[in-house]
A.B. asks: 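Take this structure first; my questions come after.
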Amino acid sequence: MTLTVYNTLTRSKSTFQTIEENKVRMYCCGITVYDYCHLGHARTCLVWDVVRRYLQWSGYEVNYIQNFTDIDDKILNRAKQEGTSMAAVSEKFIAAYFEDMARLGVGQADAYPRATHTLNGIKRLIYELEQKGFAYPADGDVYYAVQNFPEYGKLSGRKLEDMQAGASGRVSTEDAQRSKKQCPFDFALWKAAKEGEPAWESPWGNGRPGWHIECSAMVREMLGETIDIHVGGSDLTFPHHENEIAQSEAVTGKPLANYWLHNGMIIVEGKKMSKSLGNFITIRELLDKYESMAVRLFILQTQYRKPVDFTEAALTTATSSWSTLKAGLLFGHQYGKQLGFADADLQDEILVSKFKLAVDDDFNFAGGLAVLFEIAKNLSKEGHMIIHEGTTKTEARELELQWRTLTKLAEILGFEAKPEQASTDSSEGLRDWEIDALVQQRNEARKNKNYAQSDRLRDELQAQGITLIDKPGGVTIWNRG
RNA sequence: GGCGACAUAGCCAAGUGGUAAGGCCGUGGAUUGCAAAUCCAUUAUCCCCCAGUUCGAAUCUGGGUGUCGCCUCCA
């Protein structure tokens, strides 16, 4: 079975083939660092990180680059508001980004280029575009002439004529006259600096780069002229990625990326989660309320291209689902020792191929998760058998096989259950003999039909995380947590 | 107005020609003093609507309805 991916450029699925054998050059459009990241950013970062992990597990060596756009009007505005510099705002939110991603369990990219570190590459690109007749200066600004790039619109599937027709009413003739642009869809490659704004020297005067050019420059610098996969949120398809293509391909004459992949948006009450609508929840707020792994499950449960509705109920549900998965993942930590688990390389090939079959189809993580749940449910059941009956139904070797497979597959998707949660260590709270004594007291009370007393004892123990299980024959066993 | 996507049980969701994965709830039974936990069983004759292609369609084609995204900053 081979990996198939949906390419925005061709609007179809095709077999994934790399430029260099077994090597993947992958670029993810990161964030503009002017505020804390919200759940929408989380989805993008998380999904593409998992895609990267999956590619690695599939045997590819992945060079994964994600940028920070740290020159931008919004950062500048924020700096003005807060009375600091653009650099200070960027640093603050880059640091926050790394904190949030660490909490989410998103792995680090291989490099995080920044616009401010890529000025030479940016200026070189603009210069080459100018030389080739794709860019023109106007009053200290430099614009890209979209009409000179015949393929403009190929990624987002639109034509300049259609856009002009459709945009009537949006692009007023008055604005067009005031603009320095030759065509309303031309976009800035370089913007002349205004008084008091950060600026860099250039052949066109002091100024700063426009929004799209930094990605073209960074991809070229870090990964080369043509890369394998370029990813980002679907809202970046137009104009950002379209413009990147125009900038890069006009200069190199080669495809910028062979595969363009876009993830769907997070929706809140029917509308896209976004800064401008103010309907966002930041990652840090979210993680104060829900487990990181539950958030991960919430996101990976849906195919990456589809929109996902954010509701509190959905996160609560995801938390319950995670408990099930967690129970399976903890199985080996809890019972592996007594069952004599030892062979770390054990793996159930049938389950692995089932997982691979699902996920190889355009990263169908939801399909893959079904395999994980199948295993987790069974292990969880076996765990209950150990607690209730003191024995398992399935032989230890088979359980180890299942558990190791589950752990491995979960790891690809970034799911991990911390063994501490399985701790039976009683360094705090009641000691075993104390519990036994209380359980005995309760059973005395039950024998005397003093149920108020017995229920009180049961509640007290429950409050300490100790669950009592009354078995037939008047035997009571207990377990922690 | 232009471009694109989606529509599957109570909710979430996979499934692209061969007769509906998985998750979360719910329900019935066992067990219990009652619970909890656990165990067993169970939950879409049907995939937005209509027409067509086919031996056969949730899956393909045409039409309709609805929802969303992009066209302005946006992950």
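Owing to the predicted nature of the structure, the values given are computational and were not obtained by experimental measurement. Note on naming: letters A, B, ... go to the chains in the order of the sequence lines (proteins, then strands), and numbering restarts at 1 for each one.
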A.B. asks: Considering just the side-chain nitrogens and oxygens of N479(A), establish if one lies under 4.0 Å of OP1 or OP2 belonging to rA37(B).
C.D. replies: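 It does not, given that no N or O in the side chain of N479(A) lies less than 4.0 Å from OP1 or OP2 of rA37(B).
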A.B. asks: Starting at the 5' end of RNA chain B, which residue's closest nucleotide do you reach first, G270(A) or H212(A)?
C.D. replies: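 Result: G270(A).
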A.B. asks: Is the distance from the ring center of F68(A) to that of F93(A) below 6.0 Å?
C.D. replies: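 Ring centres of F93(A) and F68(A) not closer than 6.0 Å.
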A.B. asks: In residues 97-109 of chain A, what residues come within less than 4.0 Å of RNA chain B, judged by heavy atoms?
C.D. replies: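 Under 4.0 Å from RNA chain B: no residue of residues 97-109 of chain A.
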A.B. asks: Among rA75(B), rC6(B), rG4(B), which is the nearest nucleotide to the side chain of R11(A)?
C.D. replies: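 Nearest nucleotide to the side chain: rG4(B).
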A.B. asks: According to ring-ring contact (aromatic ring centres under 6.0 Å, His included), who are the partners of H262(A), at least two apart in sequence or on a separate chain?
C.D. replies: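 Scan of H262(A) (ring-ring contact (aromatic ring centres under 6.0 Å, His included), adjacent residues dropped) gives H241(A).
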A.B. asks: Can you tell me how the ring of Y259(A) sits relative to the ring of F16(A), calling it parallel under 30°, perpendicular over 60° and tilted otherwise?
C.D. replies: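 Tilted.
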A.B. asks: Is any side-chain nitrogen or oxygen of K272(A) closer than 4.0 Å to OP1 or OP2 of rC70(B)?
C.D. replies: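 Yes.
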A.B. asks: Ignoring hydrogens and angles, answer whether the base of rA37(B) and the side-chain atoms of D470(A) contain a donor-acceptor pair closer than 3.5 Å.
C.D. replies: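 Side chain to base: no pair below 3.5 Å.
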A.B. asks: In whole angstroms, how far is the P atom of rC71(B) from the CG atom of L236(A)?
C.D. replies: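 Spelled out: CG on L236(A) to P on rC71(B) is 10 Å.
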A.B. asks: Checking only heavy atoms, does the side chain of R305(A) share a donor-acceptor pair with the base of rC6(B) at less than 3.5 Å?
C.D. replies: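 Check fails, no donor-acceptor contact within cut-off.
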A.B. asks: Do R158(A) and E242(A) sit within salt-bridge range, that is, some charged N less than 4.0 Å from a carboxylate O?
C.D. replies: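 So R158(A) does not pair with E242(A) through a salt bridge.
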A.B. asks: Rounding to a whole Å, what distance do you find between H388(A):NE2 and rU32(B):C1'?
C.D. replies: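 Going from NE2 in H388(A) over to C1' in rU32(B) covers 13 Å.
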A.B. asks: Can you tell me which residue pairs pass the salt bridge (Lys or Arg N to Asp or Glu O under 4.0 Å) test with a partner in residues 297-318 of chain A, sequence neighbours excluded?
C.D. replies: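 Those involving residues 297-318 of chain A are K289(A)-E312(A), R305(A)-D362(A).
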A.B. asks: Please compare A452(A) and R158(A) by the position of their nearest nucleotide in RNA chain B and report the one closer to 5'.
C.D. replies: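 Between the two, 5'-proximity favours A452(A).
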A.B. asks: Going by an N to O cut-off under 4.0 Å, is there a salt bridge joining D455(A) and R458(A)?
C.D. replies: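 A salt bridge is present here (some side-chain N lies under 4.0 Å from a carboxylate O).
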A.B. asks: Flag the pair R114(A) and E91(A) as a salt bridge only when some basic side-chain nitrogen lies within less than 4.0 angstrom of an acidic carboxylate oxygen.
C.D. replies: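 Salt bridge between R114(A) and E91(A), a charged N being under 4.0 Å from a carboxylate O: yes.
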A.B. asks: Let's see if you get this right: which residues in residues 440-447 of chain A place a heavy atom under 4.0 Å from RNA chain B?
C.D. replies: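 Listed by number, they are R442(A), R446(A).
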A.B. asks: R446(A) and D470(A): salt bridge (Lys or Arg N to Asp or Glu O under 4.0 Å), yes or no, with the steps?
C.D. replies: CA-CA 11 Å; R446(A) 288 174 74 203; D470(A) 293 330; 3.3 Å; yes
A.B. asks: Is the W322(A)-F298(A) ring centre distance short of 6.0 angstrom?
C.D. replies: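 Aromatic pair excluded; centres sit 6.0 Å or further apart.
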A.B. asks: Side-chain N or O of K306(A) less than 4.0 angstrom from OP1 or OP2 on rA7(B)?
C.D. replies: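 Answer yes for this pair, as a side-chain N or O of K306(A) is under 4.0 Å from OP1 or OP2.
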A.B. asks: Evaluate whether atom CD of Q453(A) has more than 12 neighbouring non-hydrogen atoms of other residues, nucleotides or ligands under 6.0 angstrom away.
C.D. replies: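 Atom CD in Q453(A) is packed in, count exceeds 12.
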A.B. asks: Taking a pair as Watson-Crick (N1 to N3 plus N6-O4 or O6-N4) or G-U wobble (N1-O2 and O6-N3), both under 3.5 Å, which stems of 3 or more consecutive pairs involve RNA chain B?
C.D. replies: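 So far as stems of 3 or more pairs are concerned, RNA chain B shows B:1-7 with B:65-71, B:10-12 with B:22-24, B:26-30 with B:38-42, B:48-52 with B:60-64.
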A.B. asks: Can you tell me, in whole Å, how much space there is between the P of rA9(B) and that of rA20(B)?
C.D. replies: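 It works out to 16 Å between them.
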A.B. asks: Of the options rC6(B), rC73(B), rG69(B), whose atoms approach the side-chain atoms of K74(A) most closely?
C.D. replies: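 Nearest to the side-chain atoms of K74(A), counting from C-beta on, is rC73(B).
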A.B. asks: Between R456(A) and E460(A), does any NZ, NE, NH1 or NH2 come within less than 4.0 Å of an OD or OE carboxylate oxygen?
C.D. replies: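 Looking at R456(A) together with E460(A), the answer is yes, because their closest N to O distance falls below 4.0 Å.
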A.B. asks: I'd like to know if D141(A) and K181(A) make a salt bridge, using a cut-off of under 4.0 Å between side-chain N and carboxylate O.
C.D. replies: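 Looking at D141(A) and K181(A), the cut-off is not met.
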A.B. asks: Charged N to carboxylate O under 4.0 angstrom, R208(A) versus E214(A)?
C.D. replies: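 So R208(A) does not pair with E214(A) through a salt bridge.
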A.B. asks: I'd like to know if R442(A) pairs up with D459(A) as an ion pair, taking the criterion as any Lys NZ or Arg NE/NH1/NH2 lying under 4.0 Å from an Asp or Glu carboxylate oxygen.
C.D. replies: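 No, no charged N to carboxylate O under 4.0 Å.
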A.B. asks: Any chance you could list the contact pattern along nucleotides 17-27 of chain B? Use B for base contacts, S for sugar-phosphate-only contacts and - for none, protein heavy atoms under 4.0 Å, 5' to 3'.
C.D. replies: ----BSSSS--
A.B. asks: Considering all heavy atoms of both residues, which atom of V33(A) and which atom of I75(A) are nearest to each other, and what is their separation?
C.D. replies: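 Smallest heavy-atom distance, with atoms named: O-CG1, 3.9 Å.
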A.B. asks: What does I266(A) touch in the nucleic acid at a heavy-atom separation under 4.0 angstrom: a base, only the sugar-phosphate, or nothing?
C.D. replies: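 The residue I266(A) makes base contact.
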A.B. asks: Between atom CD1 in I267(A) and atom P in rU67(B), what is the gap in whole Å?
C.D. replies: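 So the two atoms are 14 Å apart, to the nearest Å.
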A.B. asks: Is any side-chain N or O of H384(A) closer than 4.0 Å to OP1 or OP2 of rA37(B)?
C.D. replies: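 Negative; the distance criterion is not met.
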